[in-house]
Amino acid sequence: MLLVSLDGVAPRFLGRGDTPNIDRLATEGVRAEWMTPSYPSLTFPNHYTLVTGLRPDRHGIVHNTMQDATLGNFWLSNRDAVGDGRWWNGEPIWVGAEKAGLSTATLSWPGSEADVQGIRPTRWHLFDAQRPIPERVDMVAGWLSEPPATRPRFATIYFEHPDAAAHAHGPDSQQLRDALRQVDAAIGELIERLQRAGVLDDTDIVIVSDHGMAEVPQSQVIVVEDMADPAVAEVVMTGQVVGFQPREGHVQAAESVLLGRHTQYECWRKGELPARWKYGRHPRVPPIVCQMDKGWDAIPRQYLARRPAGTRGSHGYDPAEPDMRAIFIAHGPSFRSGLTIPAFDNVDVYPLLARLVGIQPAPNDGDAATLLTTLKPESPSAH
Ligand code: AMP
Ligand code: ZN
Ligand code: ZN
């Protein structure tokens, strides 16, 4: 089976002329009205939720940027941290598969560059934004076209292009539409390669995104140092989910300036966050968490001058915001045809993946029943 991630793609981006290949897979296979991301609606937390079925609060990737008392600092381009299995709790699908003696291959998936439980995919690659799209397609099509003896049982492919274009120019930009056309063409090419190799009918394809995207008008940015004086609280997470660690002896001062409702955001003690976010117990979640309102960014003052003018895009807002909705499409021999299912939470994807790969799922927060209805009754995966 092949798991495809289109970073930042919202359901409203599909079916409007830019994505004929993805739309065809959705029509011929299964599609969800939408998929609700987990909190926070950021890239690393949600990619790792998709492959573990665990909420970020349980799998430990609680933000793209984190502090851990023993491990230090985590951020996306910190290769040492991203590749260190101690950050990544739980059991990603490829680890379960490898333990069961099945081979796996990733290009690239957050967590797959790390030795989780001491195990990596049989074939894995460092994330490289410079790797051209055709090369990505060629590598993954090549893996899936190998003879059964070496063909991976589970593979991933990842495209960051829609997310990058929408961040820089906004979700309604031509640049986003161009990026959608690019990744859609890549999926078309991948399908054609699998067809030519005679393996398309043996390949289950699940296409997901990690979150959607909201428009951020030019002036809708605040400075984190203005939220709380750095002498009173250290900022440990920025963006849309902003985390503060009060300085020693300043807890009360930090709480009095931060907690509660503000014009563009609201802050809580970590133990008092809205229950529906299922967030706040992990030690890596800082004592005070602020959620920005949709359409607002919070950045360090040093980045303010460098921020390009114009409309931008962001995610990281409340997963219940319609703009944060993610996509789910499934196509292949195990799946029904022409089925649209209601919205569901992205923790439910992992039990489906485990079933498709043919392994016992590890303990998770998902509901295996949610996606059971998407499988053909006669498919081996349905039993
Ligand atoms: P964000 O929009 O901040 O939530 O993160 C999206 C960005 O994460 C993408 O544009 C990529 O540049 C980056 N990214 C995605 N996968 C990886 C990875 N496996 N390792 C490092 N960075 C990644
Ligand atoms: Zn993302
Ligand atoms: Zn993003």
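We're numbering straight along the sequence, starting at 1. For ligands, and for the atoms within them, numbers begin at 1 and follow the listed sequence.
With ring centers used as reference points, W88 lies under 6.0 Å from F44.
Only protein N, O or S atoms were considered, and those under 2.8 Å from the Zn ion (ligand 3) are D163 OD1, D163 OD2, H167 NE2, H315 NE2.
Atom CG of L375 sits about 7.0 Å away from atom CZ of R355, to the nearest 0.5 Å. Rounding to the nearest 0.5 Å places CE of M237 at 8.0 Å from OG1 of T65.
Listed for the R55 side chain is no donor-acceptor partner under 3.5 Å among the backbone atoms of S38. In this structure, the side chain of R284 engages the main chain of G60 through a donor-acceptor pair within 3.5 Å.
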Between ligand 1 and the protein, give all atom pairs where both partners are nitrogen or oxygen and the distance is under 3.5 Å, as lines of names plus distance to 0.1 Å.
from, atom 1, to, atom 2, distance (Å)
ligand 1, 2 (O), D163, OD2, 3.1
ligand 1, 2 (O), H167, NE2, 2.9
ligand 1, 2 (O), H315, NE2, 3.1
ligand 1, 3 (O), N64, ND2, 3.2
ligand 1, 4 (O), T43, N, 3.3
ligand 1, 4 (O), T43, OG1, 2.6
ligand 1, 4 (O), N64, ND2, 2.7
ligand 1, 5 (O), T43, OG1, 3.1
ligand 1, 19 (N), E113, OE1, 3.3
ligand 1, 19 (N), E113, OE2, 3.1

side-chain hydrogen bond (donor to acceptor under 3.5 Å, both in side chains) between D7 and H47, intermediate numbers included = CA-CA 9 Å; D7 201 313; H47 273 88; 4.6 Å; no
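Note: H262 and Y265 have parallel aromatic rings, judged against thresholds of 30 and 60 degrees for the angle between ring planes.
Counting heavy atoms of neighbouring residues, nucleotides and ligands inside a 6.0 Å radius, atom CZ of R307 exceeds 12 of them. For Q174, the CD atom counts as densely surrounded, since its 6.0 Å shell holds more than 12 non-hydrogen atoms of other residues, nucleotides or ligands.
The N, O or S atom of D210 lying closest to the Zn ion (ligand 2) is OD2.
L194 and F335 are not part of a single hydrophobic cluster, where members link through side-chain heavy atoms under 4.5 Å apart.
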